[in-house]
Structures are given as structure tokens and as C-alpha cells.
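Comments concern the structure below.
Proteins get letters first, then strands, A, B, ... in listed order; numbering begins at 1 in each.
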Amino acid sequence: MAKITFKTNAGDVVVENASGNLMEIATYESVEGIDADCGGVCSCATCMVRVPPEWREKLNPPEESEADLLDIEEAGEGVRLSCQIEVTEAMDGMVVEIPQRGES
Amino acid sequence: MAGKCPFDGFGEARAKGPVLPARLDGDTIPMILRNKDVRRAARDWKTYSSDAPFRVPIPSEEHLRSIRQLPIETDPPEHGAWRALIEPFFNQPKEPDYAARIEELIDTSLDEALAVDSLEIVWEFALPLQSRALTHLLKMPESEADLWISWGTHVFDKDDENQRGSVLDIYLEEAVEKAAREPGEDIFSVLLQSKFQGRPLTKEEVIGFGNLAFAGGRDTVIASISALLGYLARHPDALEWLREDEKRIVPAVEEIFRTTSPITHIGRVCPVDTNVHGVEVPADGRVSLSWASANFDENVFDHPEEVHLDRKPNPHVAFGSGHHSCIGAPHARLILRTLARRLCAKVARMEILEESPLTEERPDYERRISYSLLKLRFSART
């Protein structure tokens with residue numbers, strides 16, 4: 001269980017006692033900017049979150065498929081696919097931002 | 001959950017190199033084959049442009065239409081502004097009441113399938129379901145689907161060179177005229193009242209949106225529905241496995257999209273002379289991004305030729321990639337996921353009575369997409 005805050009354009013979404021997959025938590029809470037179209041199979045890159053530097057080492061490093069997708073999408077420093085993050089107690093208090101999408 | 005899959009038409013070509021110079025459309029067009037290369041090219045609009053009316057599809061549709069398809073045949077930053085105009089329609093599948101309406105449609109379709117001794121899936125199940133679902137997406141009366149269904153298989157036949165002024169063009173012109181006379185909440189009415197860069201849209205631009213909504217979302221959804229039903233009919237154990245835990249449905253449907261890859265590829269045009277992984281493309285020459293090849297890339301997928309309904313991660317590009325990724329994907333995913341879930345609830349098993357593959361044969365590749373005919377018998381759960 002952990003307290004996770006999503007910072008969005010529409011304001012902060014605070015989830016107390018979060019557990020499980022970060023993308024599933026975000027979609028359950030209807031966090032703006034987390035579309036998660038593919039449902040968590042690492043295909044669509046629509047569930048990105050930016051993790052502040054002090055929290056990055058608390059997360060498992062990205063697997064190859066996630067790292068490739070973030071690299072190709074030029075997602076930027078600290079950006080992760082939330083579908084690949086399982087919340088642990090070490091993340092209690094973490095605040096993540098929803099990055100702006102690139103040019104479209 | 002593994003089964004052999006005959007859908008990869010590019011395995012040999014990928015073994016030889018990153019690009020297949022393919023004879024297509026009276027031209028030689030380099031097809032980019034590898035997953036990461038395809039994804040990178042899809043983002044790189046300055047090198048690989050979509051600002052090429054009629055030439056984004058391969059074969060080109062210069063002989064089929066005279067109106068630019070929107071938003072697909074544009075580049076950033078205009079593309080984003082065009083796309084934003086229709087996003088409210090295409091984001092509806094994320095709303096619970098919309099999902100409930102699609103579920104009702106699917107339940108009706110399945111009840112009809114269970115009530116008959118046998119049913120041809122492609123044209124008697126998938127086409128009506130796709131057409132009726134599209135009325136909801138475009139906010140049109142469901143009865144309008146009767147006409148779309150009656151167009152049958154030939155309305156978008158790209159092999160017929162005399163199709164300019166086709167039934168679709170005539171229909172869209174009339175639909176836009178009607179929306180101008182009697183505005184409602186449908187997509188044509190809303191677009192006629194929308195503005196792009198401060199000016200109203202022309203009727204041609206509204207037709208350009210309509211053309212893509214019909215052409216892009218028809219065969220693709222039909223092929224995917226047919227592929228899902230065909231797979232679960234052939235593998236009754238897979239249907240049981242899904243029934244045991246409905247959380248398995250989302251990744252399973254993604255694997256059906258990967259292995260079906262309804263759109264083999266899409267074109268881009270190089271504005272200047274460009275070296276595409278070793279192949280020279282002259283200015284104004286075309287390049288293909290092969291979604292179908294990228295979805296079987298051995299560097300990204302373990303045993304890509306096998307169907308693994310529990311495949312995760314599954315970085316497929318069946319809906320494209322980057323800013324042009326399919327705007328209808330949430331709608332297509334909702335239909336397939338709901339269909340799988342309601343099959344689990346209502347259908348004990350399906351038996352294949354007759355089948356013919358839907359294939360794409362070109363001089364330099366051949367691939368199976370889905371079914372051109374699939375006759376099934378449905379048995380209800382008791």
C-alpha cells in the first residue's frame with residue numbers, strides 16, 4: 001500500500017492505499033492523460049508518467065520492450081510506461097506527472 | 001495458449017535486410033520491415049511525409065477520389081488540429097454508456113447467431129456488427145447501417161479502376177448536404193459547424209473525414225472480428241481459458257490484432273532524395289511502413305509465428321504508431337473485447353463448417369490476413 005499522486009492539467013489526483021499496477025490505478029481513477037489504450041501490453045505508449053529523480057531508483061528499471069518504446073517515442077528523462085510499474089510500499093508518497101504528448 | 005500462425009508474409013525478406021524493395025502499384029516501393037525502424041519512421045514526418053493526398057494508401061487512390069482524406073493525409077502541426085476536430089467522436093468508446101450500447105449490439109448479434117443452424121461470419125455477422133457499431137461512433141441513426149450493409153463487398157474495391165464517383169462518394173456528398181440542411185449531433189453536422197485555423201471547413205474537407213471513417217474502419221474491423229471468431233472456433237480450449245478469467249481478454253485481443261494485422265502497410269512520401277536503410281528513394285518517391293512485417297519481427301517477439309493469447313509485452317503496431325496511430329483503435333478494441341467477453345458468457349463452443357482465407361498476394365510477398373468466408377455453428381451455454 002502506498003500513497004500516489006498524479007499531477008495532471010486538470011489538477012492532482014491523490015490515491016491513498018494504492019496497490020497493484022500503476023496504469024490500472026490511473027485508469028480506475030480516470031486520470032486525465034492516461035488513455036492506456038492497449039490495456040498494458042506495451043504497444044500504444046498512451047500511459048506515460050514522469051517520475052521525479054528522487055523516486056526513480058525505487059522503481060524496477062524498464063525491461064527492453066519498455067525502454068525501446070520510450071526511446072523511439074523520445075519520451076525524455078524519467079518518463080515511464082505506467083503499465084509496467086507495480087506499486088510497492090517503497091513508492092509511498094510518490095508524485096508523478098503526466099507528460100505532454102509530443103507534436104501531433 | 002499457443003497455436004501455429006500462417007500470417008507472416010515477410011519472414012524471408014526480414015532475414016535478408018531491413019527493407020524489401022517491393023513491386024507495388026506500378027512502382028518499386030521500399031517496404032520498411034523491422035518493428036523499431038517502422039516505429040521510428042512513423043514518428044519522423046519530416047523525412048517520411050503524409051502530406052500527400054491519395055498517395056498515403058498503397059496502392060495509391062489517385063484514380064478513386066479527388067478529396068484529401070483527413071486527418072491522415074497531413075503532417076504536424078496541421079495534423080494535430082485536424083485530428084482534434086473528430087477526437088470527441090472517437091473517444092466515446094471510453095464512456096460507460098457507449099460501451100453498454102456496443103454490448104447490447106453484440107448481444108443481439110450473438111443471440112441471432114445462436115438462433116440459426118449455421119452462419120457465415122464475414123458478411124452476415126462481422127459486416128452488420130461493424131456497420132451498426134459505426135453508426136454509434138458517428139452519432140447517426142442505427143437504421144443508417146442497413147444501407148451501409150447493402151453495399152456489400154464491392155464498395156471499396158480498390159482493384160476496380162472506374163470507381164471515382166463511387167457509391168461511397170455519392171453517399172458522403174448527400175450526407176453532408178443533408179447535415180447542412182438539417183443539422184444534428186452527427187459527425188457531419190458537427191464538422192460543418194467546426195473551424196480549422198479560424199475558418200469554417202469546406203464540404204470537401206468534411207467529406208475527406210467521412211471517407212477515412214468509412215474506408216479505414218470497415219475491412220479492418222470485419223477482418224479482426226472474423227479472425228477472433230475463427231481462432232476461438234478452431235481452439236475451443238482457448239475459449240475455455242478466457243472464460244476462466246476475463247482479465248485474459250485484453251491481452252488476448254491484442255494478440256489477435258497483432259497476428260491479423262488487418263492493414264499490411266501504409267505509405268509515406270519522401271520530400272527529398274532519401275537513403276532508406278540502404279535503398280535510394282528519389283524526391284517525391286514513396287516508402288512503405290509495413291505494420292504486418294513489424295508485427296512478426298523476431299527481434300521483438302519471441303516465436304512471432306505462434307499465437308500466444310497471453311503475450312505480454314506485445315509491442316505490436318496493428319494500429320500504426322506515432323501521431324497517425326489509428327484514431328478508431330479504441331472503438332475497434334471495445335468491439336473485440338466486448339465480443340470476446342460476451343462469447344464467454346453466452347457461447348459454449350463454435351464449430352467451423354466452411355472457411356476460405358483472405359489473402360494478399362503481391363509479386364514480392366504473400367500473406368494471409370483473415371477469412372474471406374467463415375461459416376460457423378454456435379452452441380449456447382446451458
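- The residues B:Asp51 and B:Arg68 are annotated as salt-bridged, a charged nitrogen and a carboxylate oxygen being separated by less than 4.0 angstrom.
- Between B:Glu254 and B:Arg337 there is a salt bridge, since at least one side-chain N of the basic residue sits less than 4.0 Å from a carboxylate O of the acidic one.
- Both the backbone and the side chain of A:Asp37 come within less than 4.5 Å of a heavy atom of chain B.
- For A:Glu66, no part sits under 4.5 Å from any heavy atom of chain B, backbone or side chain.
- A:Leu69 touches chain B through its side chain: at least one heavy atom from C-beta onward sits under 4.5 Å away, while N, CA, C and O do not.
- With a 4.5 Å cut-off on non-hydrogen atoms, B:Thr74 does not touch chain A at all.
- Taking the six-membered ring for Trp and thresholds of 30 and 60 degrees, B:Tyr98 and B:His136 have ring planes more than 60 degrees apart, a perpendicular arrangement.
- A salt bridge does not link A:Asp68 to B:Arg39: none of the charged side-chain nitrogens sits closer than 4.0 Å to a carboxylate oxygen.
- For residues 43-50 of chain B, heavy-atom neighbours of chain A at less than 4.5 Å comprise B:Arg43, B:Trp45, sorted by residue number.
- Ion pairing of B:Glu103 with B:Arg341 is present here, as a side-chain N (NZ or NE/NH1/NH2) and a carboxylate O approach within less than 4.0 Å.
- Here B:Pro315 is the residue among B:Pro315, B:Gly80, B:Pro330 with the most heavy-atom pairs under 4.5 Å with chain A.
- Counting heavy-atom pairs closer than 4.5 Å to chain B, the top-ranked of the candidates A:Cys44, A:Gly39, A:Ser30 is A:Gly39.
- Residues A:Arg50 and A:Val96 have side chains not in contact (no heavy-atom distance under 4.5 Å, counting atoms from C-beta outward).
- A salt bridge links A:Asp35 with B:Lys94: the closest approach of a Lys/Arg side-chain nitrogen to an acidic carboxylate oxygen falls below 4.0 angstrom.
- Relative to the six-membered ring of B:Phe296, B:Arg258 meets both conditions, a distance below 6.0 Å and an angle of at most 45° to the axis.
- Between A:Asp92 and A:Lys58 there is no salt bridge, since no side-chain N of the basic residue sits under 4.0 Å from a carboxylate O of the acidic one.
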